[in-house]
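We count residues from 1, following the sequence as given.
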Amino acid sequence: MKSHSLAPSDFAGAMAGRINALVALDDAIALIRAGAPLAIAGRKEALDQLPAGNWIGGTTPYFLTAEGGEMIDATRVFVSDFSGLGAVTSHHYGADALQDITEEAPEHGFALAILPFQSQAHQHFAKEAGQYPLAFLKPTVGWIAGFDLGEEGAGAYVYDGSGSGAQSDGAAVLQIHLPEGMMPIVEIVNIFSADGVDTLRFEEASFSPRDVIVNGQKRLFADYIRERGVEGGQLPLVGDYSGARINASLRAVGETSVDLYAPVFPGIDYAFAAPVADYPTAFAEQFAAHEHDGAMWSCNCILNYLFGGLEGKTVGGVAGPVTFGEIAYQLVNQTLVQVRVI
């Protein structure tokens, strides 16, 4: 597919129109030098070439575009442009200061955060974000940076635009202030629902729960997963958070161990998801049920991309990075997250 390419004379108009698309690397560099506030995603080799400026970034080679899902090389990056709004500032928060993301977020606006996969920041945020005092009063959205699954030893990195380069821990954050009369709407598109077979509970918050309580009886979680035949990971756990469906996806199932992409929590009823026959159709139907006026940014999970066979397929025309976890106030999995400003 062709890059979204901009002539120099187009920059002012492009910034007013707030680009949300794949662009040539040189055009992303020019936008940064023109002072545009940006969130950028792409391969490390590309992000390493970007100059200092008012931007944040994270690594992934996978994207959904209006033309379909695709994997890119280092000649392009995905740019989300937040020009034309209020003040936008870039920051970096250490793994021990993630609560400050919401503490310092604008009273009228939202924070866009990127954290590296398997970093301390990823672990802390996943377990703690729901308990931050302002977590649901000041919206935080974003994604978990990843890597090319075909590259052995590849890592995930974030960038805060300061010129300090790739960082393997912490959170790169844009604090986005909105004008009076405008507000952010955060939406989670989740095609999964509980299958109703069993009620599962866990005794502690964990990415790697050893045991599960199945309808009141303690079981080895790995045995239960194999008994159900869901060890392939296509179907996530679906938690009932006071009526909201929040997924925790399987990462690996060993003989006696289970690793998840998001932690499970005590006091929450879980069940495995019911099978989905057709991912693209299911997403298109769920996406169509949401409003799209003012759509500004979105991301979708790598598991949806892989299990749904989304390469070359569109999902309601949505565009954005394919991620190793999504952030909508807290960490979620196997979802599409969208931000609208209205």
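Relative orientation of the Phe202 and Tyr270 rings is perpendicular, given thresholds of 30° and 60° on the angle between their planes. In this pair, His91 and Tyr93 present their aromatic rings tilted. The plane angle is within the 30 to 60° band. Ring-plane geometry between Phe63 and Phe78 is classed as parallel, the angle between the planes falling under 30 degrees on a 0 to 90 degree scale with a further cut at 60.
Nearest heavy-atom pair, Asp48 versus Ala166, reported as atom, atom and distance to 0.1 Å: OD1-CB, 4.1 Å. Across all non-hydrogen atoms, the minimal contact from Pro116 to His122 is O-CB, 3.3 Å. Pairing each heavy atom of Thr60 with each of Val322, the nearest pair is OG1-O, 2.8 Å. Across every non-hydrogen atom of Thr59 and Arg43, the tightest pair is CG2-C, 4.5 Å. The minimum heavy-atom distance between Phe110 and Pro184, with the atom names listed, is CD2-CB, 3.8 Å. Residues Gly233 and Leu250 approach most closely at CA-CB, 4.1 Å, considering heavy atoms.
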Stepwise side chain to side chain donor-acceptor pair (under 3.5 Å) check, Thr75 with Asp73: CA-CA 6 Å; Thr75 65; Asp73 59 21; 2.6 Å; yes
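Using a 4.5 Å heavy-atom cutoff, the side chains of Glu107 and Lys138 are in contact. No side-chain heavy atom of Leu303 sits under 4.5 Å from any side-chain heavy atom of Asn333. Using a 4.5 Å heavy-atom cutoff, the side chains of Ile19 and Asp27 are not in contact. Between Leu115 and Ile327 there is a side-chain heavy-atom pair separated by less than 4.5 Å. Side-chain contact check for Val339 versus Leu112: every heavy-atom pair is 4.5 Å or farther apart.
A single hydrophobic cluster is not seen to contain both Leu98 and Phe207; linkage of ILVMFWY side chains at heavy-atom distances under 4.5 Å, directly or through other members, places them apart. Cluster annotation: Leu220 is not connected to Val212 through the hydrophobic network of ILVMFWY side chains, with a link wherever side-chain heavy atoms come within less than 4.5 Å. When hydrophobic clusters are built by joining Ile, Leu, Val, Met, Phe, Trp and Tyr residues whose side-chain heavy atoms come closer than 4.5 Å, directly or via intermediates, Tyr241 is grouped together with Tyr261.
When Tyr62, Phe117, Trp143 are each tested for a ring pair (Phe, Tyr, Trp, His ring centres under 6.0 Å) with Phe324, only one passes: Phe117.
No more than 12 heavy atoms of other residues, nucleotides or ligands shown are found within 6.0 angstrom of CD on Gln217.
Gln234 places no side-chain N or O within donor-acceptor distance of the main-chain N or O of Val230, the cut-off being under 3.5 Å. Although no hydrogens or angles enter the test, the distance criterion places no donor-acceptor pair under 3.5 Å between the side chain of His92 and the main chain of Tyr159. Between the side chain of Glu231 and the backbone N or O of Ala222 there is no donor-acceptor pair closer than 3.5 Å. The closest donor-acceptor contact from the side chain of Ser90 to the backbone of Asn54 lies at 3.5 Å or more, if one exists at all. Checked by atom type and distance alone, the side chain of Arg76 never pairs as donor or acceptor with a backbone atom of Ala46 at under 3.5 Å. Between the side chain of Asn300 and the main chain of Tyr305, no donor-acceptor pair closer than 3.5 Å is present. Checking side-chain atoms of Glu326 against main-chain N and O of Val337 turns up no donor-acceptor pair under 3.5 Å.
With respect to Arg228 and Asp195, a salt bridge is recorded, a charged nitrogen being found less than 4.0 Å from a carboxylate O. For Arg201 and Asp269, the salt-bridge test passes: some basic side-chain N is under 4.0 Å from an acidic carboxylate O.
A side-chain N or O of Asp81 and one of Ser83 form a donor-acceptor pair less than 3.5 Å apart.
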